[in-house]
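As the structure is a prediction and not an experimental result, all values here were calculated from the model. Residue numbers run from 1 in the order of the sequence given.
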Amino acid sequence: MTTNADLQARREAAVPRGVSTMHPRFIERARNAEMWDVEGRRYIDFASGIAVLNTGHNHPKVIAAVKAQMDAFTHTSFQVNPYRPYIELAERLNAIAPTGQPSKTIFVTTGAEAVENAVKIARARTRRKAVIAFKGGFHGRTMMGMALTGKVQPYKAGFGPFPGDVWHVPFPIAYHGVSEEQSLAALDSLFKADVDPADVAAIIIEPVQGEGGFYQASASFMQALRALCDAHGILLIADEIQTGFARTGRMFGIEHSGVQPDLMTVAKSMAGGFAIAAVIGKAEIMDAPAPGGLGGTYGGPPMACAAGLAVLDVIAEERLCERADEIGALIKTRLLDLRRTNSLTCIGDVRGPGAMVALELVRDGDADQPDADLTKALVTDCANEGLILLSCGIRSNVIRFLVPLTASDALVNEGLDVLAKSLVRLVG
């Protein structure tokens with residue numbers, strides 16, 4: 001029998017160390033929110049392939065749609081010979097995009113590529129160069145993506161120089177003493193000291209920071225940001241790559257604020273595990289680049305477009321936005337009960353909209369004492385007990401919950417039982 005150890009040895013010989021692997025357990029098959037490795041061991045999946053599987057592993061409707069497309073054709077390149085699924089998926093996304101105006105969509109392959117194209121479109125529309133992002137934000141591993149990302153380790157270290165005219169300001173995080181007023185004041189200071197707002201093409205923000213620690217921008221902050229952009233002719237880009245497609249209890253995370261973005265980047269859970277990403281935006285803005293200025297050989301692959309259409313059907317038919325709220329409430333209730341009944345001062349904060357839930361681990365209940373060691377140990381111990389978790393955060397002390405929205409309450413509770421036992425044992 002092939003073992004995880006055998007495959008890990010082969011992986012180390014064949015794949016560069018820069019591609020890290022959190023859980024060296026090689027998956028043989030998966031279904032919904034469960035996975036089985038090559039040794040036959042079962043795992044509950046609270047990671048969803050980094051927020052990719054809101055509809056679960058191998059949802060029957062997604063798989064059926066992809067198989068049907070495979071029987072027709074796999075590739076023509078939309079820029080050579082177009083095809084119906086691309087148009088249909090764009091139409092569906094345009095109809096639900098919270099831009100408040102007629103919208104258009106371009107498909108690309110990855111989230112980072114979507115971010116790159118959003119910046120291109122913003123610059124083409126405004127004829128300006130500068131872009132503002134937030135500390136702690138994550139926008140990809142390409143050069144512009146890294147420049148926009150507000151975290152050095154491990155994403156940016158050793159890879160510079162990065163594109164210029166990119167500026168960062170603090171993201172408002174009340175738990176860490178950064179108020180909305182301070183964040184807005186930092187923007188005002190930036191405009192006075194470093195970059196003329198008349199030179200700023202766009203501000204890009206995650207409605208809920210993903211890699212940064214699942215911190216949500218409040219409705220009031222998003223509304224203030226929208227007003228500031230309008231005052232200076234700056235475009236507002238919502239990076240919905242991790243927050244999109246029902247994860248937060250809304251189709252898109254920015255909908256919690258009522259703010260209408262000019263552009264949106266989406267990817268991850270868009271197609272049930274098939275590689276596709278997109279920029280969605282107001283039609284007049286999306287049309288700014290000249291013909292040939294946007295594109296890519298594999299942009300909007302037919303099978304991923306078919307999968308994306310099926311995902312939208314599943315979200316509607318199975319009411320996954322409502323289900324996200326139910327799962328999130330279950331997780332948060334269990335975590336808060338765990339803190340109370342076991343007097344666990346290591347549980348500093350439990351937060352997040354919908355099923356985008358975070359558990360922040362600290363020492364002695366002190367937000368200023370992050371416990372990265374406990375976080376790492378918990379992720380490892382839970383994996384040993386059959387639960388796959390992910391950590392995140394600037395200080396590496398946040399557990400993020402990304403359970404498929406199709407998971408049953410019984411399975412979610414089973415996974416939370418594993419986490420509770422592991423955490424109590426570790427802080428023993």
I want to check something: taking the side chain as every heavy atom from C-beta on, are V62 and F274 in contact at a cut-off of under 4.5 Å? yes
Checking side chain to side chain contact (heavy atoms under 4.5 Å, CB included) for the pair I121/M286: CA distance, chi angles, key distance, verdict? CA-CA 6 Å; I121 293 165; M286 293 293 290; 3.8 Å; yes
Flag the pair E326 and R323 as a salt bridge only when some basic side-chain nitrogen lies within less than 4.0 angstrom of an acidic carboxylate oxygen. yes
Is atom NZ of K61 surrounded by more than 12 heavy atoms (other residues, nucleotides or ligands) closer than 6.0 Å? no
Check whether K268 reaches the backbone of I50 with its side chain - one donor and one acceptor, N or O, closer than 3.5 Å. yes
Just how far is it from atom CG of L89 to atom CZ of R84, taken to the nearest 0.5 Å? 14.5 Å
Without swapping roles, check the side chain of K129 against the backbone of G164 for a donor-acceptor pair under 3.5 Å. no
Distance-only, no hydrogens or angles: does the R128 side chain make a donor-acceptor pair with backbone N or O of P197 under 3.5 Å? yes
Under 3.5 Å: donor-acceptor pair, side chain of E113, backbone of A277: no
Taking the side chain as C-beta and beyond, is there a heavy-atom pair between M222 and I205 under 4.5 Å? yes
Can H59 and T406 be said to form a side chain to side chain donor-acceptor pair (under 3.5 Å), step by step? CA-CA 9 Å; H59 192 288; T406 48; over 6 Å; no
Any ion pair linking D262 and R226 (charged N to carboxylate O, less than 4.0 Å)? yes
Could you walk me through whether I399 and T375 pass side chain to side chain contact (heavy atoms under 4.5 Å, CB included), step by step? CA-CA 7 Å; I399 299 293; T375 305; 3.7 Å; yes
Separation between CE of M70 and CD1 of I63, rounded to the nearest 0.5 Å: 10.0 Å
Give me the ring orientation class for Y86 and F78: parallel if the planes are under 30° apart, tilted from 30 to 60°, perpendicular past 60°. parallel
Give a yes or no answer on whether the side chain of T248 reaches the backbone of G354 with a donor-acceptor pair at less than 3.5 Å. no
Of the options I327, L335, L390, which is the one that meets F401 in a side chain to side chain contact (heavy atoms under 4.5 Å, CB included)? L335
Derivation and outcome, side chain to side chain contact (heavy atoms under 4.5 Å, CB included), residues V350 and L359: CA-CA 5 Å; V350 175; L359 164 64; 4.2 Å; yes
Atom CZ of R42: over 12 foreign heavy atoms under 6.0 Å: yes
Would you say the side-chain atoms of Q101 pair up with the backbone N or O of A283, donor to acceptor, closer than 3.5 Å? no
Are F138 and Y155, when compared by the centres of their aromatic rings, separated by less than 6.0 Å? yes
Single hit among T99, N94, D287 for side chain to side chain donor-acceptor pair (under 3.5 Å) with K104: D287
Compare every heavy atom of A112 with every heavy atom of G140, then report the nearest pair and how far apart it is. CA-CB, 3.9 Å
When rounded to the nearest 0.5 angstrom, what distance separates OH in Y83 from NE2 in H75? 7.5 Å
Step through it carefully: locate the ring centre of Y215, locate the ring centre of H176, and say whether they are under 6.0 Å apart. yes
Evaluation steps, ring pair (Phe, Tyr, Trp, His ring centres under 6.0 Å), between H232 and F191: CA-CA 11 Å; H232 294 291; F191 289 155; 5.3 Å; yes
Can you tell me if CZ on R41 sees more than 12 non-hydrogen neighbours from other groups inside 6.0 Å? yes
Under 4.5 Å between any side-chain heavy atoms of D371 and D373, yes or no? yes
Looking at every heavy atom in both Q8 and P24, which two are closest together, and how far apart are they? OE1-CB, 3.5 Å
Gap between atom CD1 of I106 and atom CG of L263 - 0.5 Å precision: 11.5 Å
In plain terms, say whether D313 and R92 are close enough for a salt bridge, that is, a side-chain N and a carboxylate O under 4.0 Å apart. yes
Could you give me the CA-CA distance, side-chain angles and deciding distance for T243 and E240, then say whether side chain to side chain donor-acceptor pair (under 3.5 Å) is met? CA-CA 5 Å; T243 52; E240 295 272 1; 2.5 Å; yes
Can you name the closest pair of heavy atoms from A147 and F162 and give their distance? CB-CB, 3.7 Å
Measure from the side-chain N and O atoms of K156 to the backbone N and O of T149, and report whether any donor-acceptor pair falls under 3.5 Å. yes
Are any of the side-chain nitrogens in E206 or R247 under 4.0 Å away from the carboxylate oxygens of its partner? no
With side chain to side chain donor-acceptor pair (under 3.5 Å) as the criterion, how do S422 and D381 come out once you've worked through the C-alpha distance, each side chain's angles and the decisive distance to 0.1 Å? CA-CA 6 Å; S422 291; D381 194 67; 2.8 Å; yes
Take T55 and S269 through the test side chain to side chain contact (heavy atoms under 4.5 Å, CB included) and record every step on the way to the result. CA-CA 8 Å; T55 55; S269 277; over 6 Å; no
Using atom types as modelled and distance alone, determine if a side-chain donor or acceptor of S183 lies under 3.5 Å from a backbone N or O of P170. yes
Determine whether L312 and L93 make a side-chain contact, defined as any pair of heavy atoms from C-beta on separated by less than 4.5 Å. yes
When you measure from the side chain of K282 to the backbone N and O of G100, does any donor-acceptor pair fall under 3.5 Å? no
Minimum heavy-atom separation for A97 to F252, with atom names? CA-CE1, 4.4 Å
Output, in order, the C-alpha distance, side-chain angles, deciding distance and verdict of side chain to side chain donor-acceptor pair (under 3.5 Å) for N384 and R25. CA-CA 10 Å; N384 291 336; R25 293 164 169 84; 2.6 Å; yes
Are the side chains of T21 and F26 in contact, using a 4.5 Å heavy-atom criterion? no
Please name the pair of heavy atoms, one in F159 and one in P154, separated by the smallest distance, quoted to 0.1 Å. CE1-O, 4.4 Å
Please report the interatomic distance CG(D230) to CG(L225), rounded to the nearest 0.5 Å. 10.0 Å
Any salt bridge between K192 and D188, counting N to O under 4.0 Å? yes
Which heavy-atom pair separates A304 from I276 by the least distance, and what is that distance? CB-CB, 3.7 Å
